[in-house]
There are 4 protein chains.
Amino acid sequence: MIRERTIAWSDPKLTADASRGMSGLAFLRGMRDGSVPGAPIAALVGLSIDAVEEGRVVMRLTPAEYHYNPIGTMHGGILATLLDSVMGCAVHARLPEGRAYTSLEIKVNYVRAVTVASGELSAEGNAVHVGRRSAVAEGKVLDAKGRLCAAASTTCLVFDLPVE
Amino acid sequence: MIRERTIAWSDPKLTADASRGMSGLAFLRGMRDGSVPGAPIAALVGLSIDAVEEGRVVMRLTPAEYHYNPIGTMHGGILATLLDSVMGCAVHARLPEGRAYTSLEIKVNYVRAVTVASGELSAEGNAVHVGRRSAVAEGKVLDAKGRLCAAASTTCLVFDLPVE
Amino acid sequence: MIRERTIAWSDPKLTADASRGMSGLAFLRGMRDGSVPGAPIAALVGLSIDAVEEGRVVMRLTPAEYHYNPIGTMHGGILATLLDSVMGCAVHARLPEGRAYTSLEIKVNYVRAVTVASGELSAEGNAVHVGRRSAVAEGKVLDAKGRLCAAASTTCLVFDLPVE
Amino acid sequence: MIRERTIAWSDPKLTADASRGMSGLAFLRGMRDGSVPGAPIAALVGLSIDAVEEGRVVMRLTPAEYHYNPIGTMHGGILATLLDSVMGCAVHARLPEGRAYTSLEIKVNYVRAVTVASGELSAEGNAVHVGRRSAVAEGKVLDAKGRLCAAASTTCLVFDLPVE
């Protein structure tokens with residue numbers, strides 16, 4: 001039996017352009033509240049922004065069959081996507097207008113297999129250092145029972161946006 | 001303007017069950033050739049298996065707008081998904097029937113931003129060590145011009161499947 | 001002007017043999033208290049064990065000129081040595097007699113350059129998951145003013161010691 | 001029975017000052033040939049520079065008892081020190097005078113336990129990307145029989161030295 005799912009998204013240029021005209025905090029809260037169009041990746045994998053504070057972001061994602069790998073569990077890349085999102089956004093949520101970031105690397109430790117039985121996942125990212133040229137953030141994913149599923153760290157480059 | 005995309009996949013239980021009844025090499029070649037149903041993740045992110053040899057797997061993925069993050073490039077999690085796939089499968093392609101693996105961790109270095117202008121990506125995973133209890137693999141993603149976009153490493157646990 | 005330093009250590013076989021006859025907690029506390037001979041690495045780099053609890057270990061190290069790299073700061077490998085020690089020992093401190101571990105990988109984020117002006121470093125390792133076959137731990141290094149210098153994670157293999 | 005070892009090193013300020021007045025390639029070859037004083041870390045852990053080319057550095061280290069951890073093998077931090085050195089220096093060997101680097105993170109996969117029976121280790125670092133603001137390098141350690149002991153990757157920040 002074949003399963004189907006249709007996703008819809010907005011022009012990502014609108015989102016990216018908005019990111020350049022406001023602080024990270026305002027931008028991320030705009031996406032959460034719907035005043036800024038969400039990124040396509042959020043529609044693709046089914047993630048939503050829950051909380052946004054300076055240096056801290058929480059997102060949610062409900063495991064589904066369409067996340068599965070060949071060996072019958074949620075693909076690790078979905079957890080990496082979730083963690084990359086909360087950690088990168090946690091750094092972004094520390095940057096004023098005119099500053100931007102890009103991820104240089106990410107490392108994820110997979111602690112517990114995730115399936116549809118895990119229930120809604122909650123992912124939290126925290127910026128542990130935001131310097132002039134680089135930043136470091138950490139992240140964790142918990143299942144619906146609060147058990148640790150994955151832990152991660154990331155290094156970001158931070159820089160001034162070119163003046164237009 | 002809203003964009004839409006519909007994906008379709010098969011029951012992942014069929015794929016996972018097949019994985020337990022054959023060698024990794026036969027299983028992965030079966031998925032590539034269509035005799036084994038592909039995993040849902042492949043449909044979700046748009047990846048396809050190209051080459052499968054003992055300890056080496058190549059996959060392809062064409063960057064699309066639905067992969068985009070809030071800052072206007074392919075989300076790093078998609079590259080992580082692609083790399084986790086080729087590296088995990090490279091280890092799997094060294095395992096005989098009755099043996100299985102699970103990823104313990106993955107680390108990805110992002111070297112070059114990927115957009116729809118990058119053209120079709122090619123990802124290669126190589127098992128550099130497959131021991132009795134653990135394995136290590138490395139992976140790289142190149143764009144259509146052969147430029148390095150990301151490099152990664154992974155640690156897997158390898159173990160005997162329980163006899164049923 | 002040439003500087004010199006003489007280090008002294010005991011036969012590491014004595015330490016390793018002791019590790020196989022007691023729980024991780026008893027072994028590590030024995031090294032801290034001097035009833036078990038310390039490992040040569042501790043003498044080499046100048047680290048000492050401060051606190052040992054189930055799944056948590058704290059060590060100290062005072063930066064010195066002999067730790068310096070070619071560009072005039074403490075070599076990152078010394079921080080990696082310190083973090084590998086507190087994280088591996090944090091896992092060990094959760095293992096009963098008859099169980100052992102080995103590190104599969106370590107990742108370190110360097111947040112702040114360390115010099116002799118940093119004062120005594122304090123490193124803490126915490127086991128975030130100890131399973132039947134693998135374990136994950138995290139670690140941090142702070143300088144004498146409590147500022148984060150480095151953060152790390154590790155994956156360990158855990159297994160039964162062969163019965164002799 | 002107590003073992004002893006005495007190490008000697010030069011003022012690290014001389015080495016660091018030299019690094020700022022020449023290209024990375026000239027600096028590293030100077031350390032190899034003895035015209036630039038070696039870093040203290042090289043004396044501490046016993047590493048020597050073997051080959052230096054643009055973006056590629058090879059070092060050697062002979063495992064000794066003083067490298068041992070509490071469980072009777074070479075401490076992973078020594079392998080991390082060796083890998084951090086060859087990878088950082090491989091990046092440095094691509095930088096002209098007036099440019100500098102610092103390591104942001106390192107990840108090491110431990111593949112094979114190292115002991116004094118491993119014989120002389122050979123470590124090679126290769127810069128896989130050197131950009132305007134960041135760089136990525138990879139490294140491997142082989143034992144005397146050419147067997148892989150450890151594999152690693154690093155991210156570096158690269159920047160202009162302040163004009164004095």
What would the table of donor-acceptor pairs between chain A and chain B look like if you include every N and O pair under 3.5 Å, whether backbone or side chain?
{"unit_1": "Arg3(A)", "atom_1": "N", "unit_2": "Trp9(B)", "atom_2": "O", "d": "2.7"}
{"unit_1": "Arg3(A)", "atom_1": "O", "unit_2": "Trp9(B)", "atom_2": "N", "d": "2.9"}
{"unit_1": "Arg5(A)", "atom_1": "N", "unit_2": "Ile7(B)", "atom_2": "O", "d": "2.9"}
{"unit_1": "Arg5(A)", "atom_1": "O", "unit_2": "Ile7(B)", "atom_2": "N", "d": "2.8"}
{"unit_1": "Thr6(A)", "atom_1": "OG1", "unit_2": "Thr6(B)", "atom_2": "OG1", "d": "2.6"}
{"unit_1": "Ile7(A)", "atom_1": "N", "unit_2": "Arg5(B)", "atom_2": "O", "d": "2.8"}
{"unit_1": "Ile7(A)", "atom_1": "O", "unit_2": "Arg5(B)", "atom_2": "N", "d": "2.9"}
{"unit_1": "Trp9(A)", "atom_1": "N", "unit_2": "Arg3(B)", "atom_2": "O", "d": "2.9"}
{"unit_1": "Trp9(A)", "atom_1": "O", "unit_2": "Arg3(B)", "atom_2": "N", "d": "2.8"}
{"unit_1": "Trp9(A)", "atom_1": "NE1", "unit_2": "Glu65(B)", "atom_2": "OE2", "d": "2.8"}
{"unit_1": "Ile41(A)", "atom_1": "N", "unit_2": "Tyr68(B)", "atom_2": "O", "d": "3.0"}
{"unit_1": "Glu65(A)", "atom_1": "OE2", "unit_2": "Trp9(B)", "atom_2": "NE1", "d": "2.8"}
{"unit_1": "Tyr68(A)", "atom_1": "O", "unit_2": "Ile41(B)", "atom_2": "N", "d": "3.0"}
{"unit_1": "His75(A)", "atom_1": "NE2", "unit_2": "Ser85(B)", "atom_2": "OG", "d": "2.8"}
{"unit_1": "Gly77(A)", "atom_1": "O", "unit_2": "Thr81(B)", "atom_2": "OG1", "d": "3.4"}
{"unit_1": "Thr81(A)", "atom_1": "OG1", "unit_2": "Gly77(B)", "atom_2": "O", "d": "3.4"}
{"unit_1": "Ser85(A)", "atom_1": "OG", "unit_2": "His75(B)", "atom_2": "NE2", "d": "2.8"}
{"unit_1": "Leu104(A)", "atom_1": "O", "unit_2": "Tyr110(B)", "atom_2": "N", "d": "2.8"}
{"unit_1": "Ile106(A)", "atom_1": "N", "unit_2": "Val108(B)", "atom_2": "O", "d": "3.0"}
{"unit_1": "Ile106(A)", "atom_1": "O", "unit_2": "Val108(B)", "atom_2": "N", "d": "2.8"}
{"unit_1": "Val108(A)", "atom_1": "N", "unit_2": "Ile106(B)", "atom_2": "O", "d": "2.8"}
{"unit_1": "Val108(A)", "atom_1": "O", "unit_2": "Ile106(B)", "atom_2": "N", "d": "3.0"}
{"unit_1": "Tyr110(A)", "atom_1": "N", "unit_2": "Leu104(B)", "atom_2": "O", "d": "2.8"}

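Within the 4.5 angstrom heavy-atom criterion, no atom of Leu82(B) approaches chain A. For Met74(B), no part lies near chain A; criterion is any non-hydrogen pair under 4.5 Å.
In terms of non-hydrogen atom pairs under 4.5 Å with chain B, the most contact-rich of Gly72(A), Gly77(A), Pro70(A) is Pro70(A). Considering only heavy-atom pairs separated by less than 4.5 Å from chain B, the leading option among Ile41(A), Leu79(A), Val111(A) is Ile41(A). Top candidate by heavy-atom pairs under 4.5 Å with chain A, chosen from Leu14(B), Leu104(B), Leu28(B), is Leu104(B).
For Ala152(A), the side chain to side chain contact (heavy atoms under 4.5 Å, CB included) criterion is met by Leu83(A), Met87(A), Val108(A), not counting sequence neighbours.
Nearest heavy atoms, Val45(B) versus Leu44(A): CG1-CD2, 4.5 Å.
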